[in-house]
Amino acid sequence: QVQVLESGGGSVQTGGSLRLSCVINGFHSNIRYMGWFRQAPGKEREGVASISSTSSTNTRYLDSVKDRFTISRGSAENTVYLEMNNLKSEDTGMYYCAAGRTFPREIPPLGKSGYNYWGQGTQVTVSS
């Protein structure tokens with residue numbers, strides 16, 4: 001069974017940086033993309049960034065995090081990272097790693113309906 005595990009969350013001040021890590025145990029070739037989502041209290045879960053499982057250049061980002069966040073795959077095919085720079089208070093939330101198989105590898109979605117496997121989340125808190 002596929003298991004998704006996130007780590008790297010924490011508390012930082014505005015302008016700080018964090019690097020989130022995700023390991024997908026039980027990884028299979030039918031996993032076509034991975035992504036990061038976040039959810040703030042009282043808000044819906046939103047897609048932050050996504051990446052193809054085979055192409056490191058095929059990525060998508062939430063508009064509000066473009067040029068600040070970078071998603072990447074590790075040397076191991078079952079790992080994915082989210083480098084977050086110049087963090088803002090509105091970036092605060094529970095961050096979830098996810099993997100999916102529904103859509104083509106070339107189109108890693110940001111919608112949660114495209115993902116089949118989810119982690120339990122890691123908290124990111126940005127204060128000023």
Side-chain angles (χ1 to χ4, degrees):
Q1 189 173 28
V2 175
Q3 185 179 31
V4 181
L5 301 173
E6 313 99 328
S7 62
S11 298
V12 297
Q13 291 185 262
T14 298
S17 299
L18 283 173
R19 184 174 185 251
L20 305 183
S21 300
C22 176
V23 177
I24 304 172
N25 293 314
F27 184 87
H28 295 281
S29 61
N30 66 346
I31 291 178
R32 297 171 176 172
Y33 44 84
M34 297 88 82
W36 289 94
F37 292 75
R38 69 186 181 189
Q39 188 167 19
K43 293 188 176 182
E44 296 294 321
R45 189 173 301 185
E46 63 180 354
V48 175
S50 61
I51 189 169
S52 169
S53 64
T54 57
S55 176
S56 62
T57 60
N58 190 358
T59 59
R60 290 183 174 183
Y61 294 93
L62 183 69
D63 284 345
S64 62
V65 308
K66 288 181 178 179
D67 302 318
R68 297 191 298 118
F69 291 11
T70 301
I71 188 171
S72 62
R73 293 183 292 107
S75 57
E77 65 179 2
N78 66 332
T79 61
V80 61
Y81 304 95
L82 184 68
E83 184 74 36
M84 304 184 293
N85 298 310
N86 192 24
L87 284 161
K88 304 175 180 180
S89 60
E90 53 262 43
D91 294 318
T92 293
M94 184 71 73
Y95 281 68
Y96 300 88
C97 181
R101 53 174 167 77
T102 304
F103 295 96
R105 300 180 193 277
E106 295 79 11
I107 314 174
L110 289 177
K112 60 184 180 181
S113 63
Y115 291 81
N116 311 95
Y117 313 104
W118 294 85
Q120 294 300 304
T122 183
Q123 179 67 36
V124 172
T125 302
V126 185
S127 62
S128 60

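Treat the numbers as computed from the prediction; the structure is a model and nothing was measured.
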Once you round to the nearest 0.5 Å, how far does [atom1] of [X] lie from [atom2] of [Y]?
{"X": "I51", "Y": "N58", "atom1": "CD1", "atom2": "CG", "value": "8.0 Å"}
{"X": "Y95", "Y": "L18", "atom1": "OH", "atom2": "CG", "value": "9.0 Å"}
{"X": "L87", "Y": "S128", "atom1": "CG", "atom2": "OG", "value": "12.5 Å"}
{"X": "S21", "Y": "E83", "atom1": "OG", "atom2": "CD", "value": "9.0 Å"}
{"X": "R60", "Y": "K66", "atom1": "CZ", "atom2": "NZ", "value": "10.0 Å"}
{"X": "K43", "Y": "Q39", "atom1": "NZ", "atom2": "CD", "value": "11.0 Å"}

Would L110 and Y61 count as a side-chain contact (heavy atoms from CB on, under 4.5 Å) here? Give the steps.
CA-CA 8 Å; L110 289 177; Y61 294 93; 5.8 Å; no

Would you mind reporting whether [Y] and [X] have side-chain heavy atoms less than 4.5 Å apart?
{"X": "L82", "Y": "T70", "result": "no"}
{"X": "C22", "Y": "Y81", "result": "no"}
{"X": "V124", "Y": "M84", "result": "yes"}
{"X": "I31", "Y": "Y117", "result": "yes"}
{"X": "F69", "Y": "L62", "result": "no"}
{"X": "V2", "Y": "F27", "result": "no"}

Show the nearest heavy-atom pair for residues T92 and A40, with the distance to one decimal.
O-CB, 3.8 Å

Checking the side chain of [X] only, and the main-chain atoms of [Y] only, is there a donor and an acceptor separated by less than 3.5 Å?
{"X": "Y33", "Y": "T54", "result": "no"}
{"X": "T79", "Y": "G74", "result": "yes"}
{"X": "E6", "Y": "G121", "result": "yes"}
{"X": "R105", "Y": "R101", "result": "no"}
{"X": "D91", "Y": "K88", "result": "yes"}
{"X": "S53", "Y": "R32", "result": "yes"}
{"X": "S50", "Y": "P108", "result": "yes"}

Applying side chain to side chain donor-acceptor pair (under 3.5 Å), which residue pairs with at least one partner in residues 7-19 are found, sequence neighbours left out?
S17-N85

Treat each ILVMFWY residue as a node, draw an edge where side-chain heavy atoms are under 4.5 Å apart, and state whether [X] and [Y] are in one component.
{"X": "V65", "Y": "Y96", "result": "no"}
{"X": "M34", "Y": "V4", "result": "yes"}
{"X": "M94", "Y": "Y115", "result": "yes"}
{"X": "L20", "Y": "I24", "result": "yes"}

Counting neighbours of CD on Q120 that are heavy atoms of other residues, nucleotides or ligands and sit closer than 6.0 Å, is the number greater than 12?
no

Under the salt bridge (Lys or Arg N to Asp or Glu O under 4.0 Å) test, which residues partner D67, sequence neighbours left out?
none

Is the gap between the ring centers of F37 and W118 under 6.0 Å?
yes

State which residue, out of E90, E46, E44, fulfils the salt bridge (charged side-chain N to carboxylate O under 4.0 Å, His left out) condition with R38.
E46

